2 protein chains.
Amino acid sequence: MNLEQKYLALLQEAQRRQLPDLESIRLCFQTLSLATAIDRDCAALLAPHGLSEGRFVLLFLLDAAGEGLAPNRLAEQAGVTRATVTGLLDGLEREGLIERQGDTRDRRALRIQLTHKGKQVAKNVFRQHGRWIAGLFGNLSAAERRQLGALLDKVSGNLATASSRMST
Amino acid sequence: MNLEQKYLALLQEAQRRQLPDLESIRLCFQTLSLATAIDRDCAALLAPHGLSEGRFVLLFLLDAAGEGLAPNRLAEQAGVTRATVTGLLDGLEREGLIERQGDTRDRRALRIQLTHKGKQVAKNVFRQHGRWIAGLFGNLSAAERRQLGALLDKVSGNLATASSRMST
DNA sequence: GCCATATAGTATGGCGCCTAATTATATGCT
DNA sequence: AGCATATAATTAGGCGCCATACTATATGGC
């Protein structure tokens, strides 16, 4: 069933203790393990290009924007703090994928732009990524995809996060 | 559908670009978002007890072992490196949940034991956690659970990680 | 015009995870 | 017995993420 080691250990122990609702526990760990494995594969795919998942998101947003974007807008769209964006931009700059340009009208502000190399890497990585994701779900029929989507949705509804985020 | 902000941004952009296999992309992001949200809820539940997810796993393993466990065995069972275990134990020790005791026979080795407080926290947290997970999947019927499990499995099979980990 | 307040980006320090290097101890071979 | 090698735990340094606190600049109200 391909659980991560830690979840395997927890599940075995839960079994030994005969905890109730073992089936839910198993499903939860299965979901988390799948996500971890996807992230790991993703990271392995991105690493050779000098990218992490976070940097990839910024790269994508910048490529979409075309005309350069301010760090605070990047933070908003990526759903991380401005401080995190600073760190990610440091990385992208080190890799020569972006440039920080001062805004002439607001001297506090920056405009982040992709370099030539950045644009090229973006193009290649997006193609690669698309193929990869397609492969991930390629063996599911249309009906199965609908089912999976619906089930994931149903579970999402039970999360504290979902409701609190809506009200915020 | 409750996607994390970053995935929302990526998905919208993918739509705009009319990338192929949008449905796969959506499912992928939905899975990752669910896992992220579960982790976030979990972290919020554990934080008041001075626990992180990693520390929780060690606490569980130690509680299961009863007689004290060596850090290297904890690392194996939790699926992290010994260095990481050192850090997690530092945290647990700071919180007064464990004690490091030198092994009398092998002076390199340690035996980690839960303190009284550690055992109490363990008991409470396990109960809380069980209820929480049960609630997460509580609104799925038995059939839906089977379906979800099967679908997640089917996706897992397409991961590079799965095959490579088997051979290692 | 001036001051309070908001905003932009960053520094700092924490967490969990990693790899690689370090230190102490144990063990096996000759 | 003595030395190479293995093993236990830790340290050091890196990454991505966070929250908090700081600095520089902009803006609105009086």
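Keep in mind the model is a prediction, meaning the values are calculated, not measured. Each chain gets a letter, A, B and so on, in the order its sequence line appears, and its residues count up from 1.
Under 3.5 Å, the side chain of A:R107 and the base of D:dT25 form no donor-acceptor pair of N or O atoms. With hydrogens and angles ignored, a donor-acceptor pair under 3.5 angstrom links the side chain of A:R82 to the base of C:dG9.
In this structure, A:V80 reaches the sugar-phosphate backbone alone: every heavy-atom distance under 4.0 Å involves primed, P, OP1 or OP2 atoms, never a base. Note on B:S52: only backbone sugar-phosphate atoms sit closer than 4.0 angstrom, heavy atoms only; bases stay farther off. If you check every strand for non-hydrogen atoms under 4.0 Å, B:R105 touches sugar and phosphate atoms only. Across all strands shown, A:T81 has heavy atoms under 4.0 Å from sugar-phosphate atoms exclusively, and none from any base. B:G87 comes within 4.0 angstrom of no nucleic acid atom, judged by non-hydrogen atoms across all strands.
For the OP1/OP2 pair of C:dC17 and a distance below 4.0 Å, the side-chain nitrogens and oxygens of B:T84 include no atom meeting the criterion. The phosphate of D:dA9 has OP1 or OP2 within less than 4.0 Å of a side-chain N or O from B:N72.
Among the nucleotides C:dA8, D:dA19, C:dC17, the one closest to the side chain of A:K6 is C:dC17. Residue B:D106 has its side chain nearest to C:dT25 when only C:dG9, C:dT25, D:dA12 are considered. Checking D:dT20, D:dA8, D:dG16 against every side-chain atom of B:R108, the shortest atom distance belongs to D:dA8. Nearest nucleotide to the B:L110 side chain, out of D:dT25, D:dT10, D:dC15: D:dT10. When distances are taken from the side chain of A:P71 to each of D:dA9, C:dG9, C:dC17, the shortest belongs to C:dG9.
Between the CG atom of B:L88 and the P atom of D:dT10 there is a distance of 12 Å, given to the nearest Å. For the pair A:Q5 CD and C:dC17 P, the computed distance is 14 Å after rounding to whole Å. B:I112 places its CD1 atom 10 Å from the C1' atom of D:dA9, with the value rounded to the nearest Å. Taking atom CZ of residue A:R111 and atom P of nucleotide C:dG9, one finds them 12 Å apart after rounding to whole Å. With rounding to whole Å, A:L59 atom CG is found 14 Å from D:dG16 atom P.
Contacts between residues 91-102 of chain B and DNA chain D, defined by a heavy-atom separation below 4.0 Å, involve B:R100, listed by number.
For the 3.5 Å distance criterion, the side chains of B:R145 and B:Q147 fail to qualify, holding no donor opposite an acceptor. In the model, A:Q30 has a side-chain atom that pairs as donor or acceptor with a side-chain atom of B:D153 under 3.5 Å.
Here the two rings, on B:H49 and B:F56, have centers that are 6.0 Å apart or farther.
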Starting from the C-alpha separation in whole Å, work towards a yes-or-no answer on salt bridge (Lys or Arg N to Asp or Glu O under 4.0 Å) for B:K6 and A:E76. CA-CA 9 Å; B:K6 66 178 167 185; A:E76 265 174 43; over 6 Å; no

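Ion pair A:D106/A:R111 not flagged as a salt bridge, since none of the NZ, NE, NH1 or NH2 atoms sits closer than 4.0 Å to an Asp/Glu carboxylate oxygen.
In B:K123, the NZ atom is not crowded: 12 or fewer heavy atoms of neighbouring residues, nucleotides or ligands sit closer than 6.0 Å.
B:R131 forms no cation-pi arrangement with B:F137, by the criterion of a distance under 6.0 Å to the ring centre and an angle within 45° of the ring axis.
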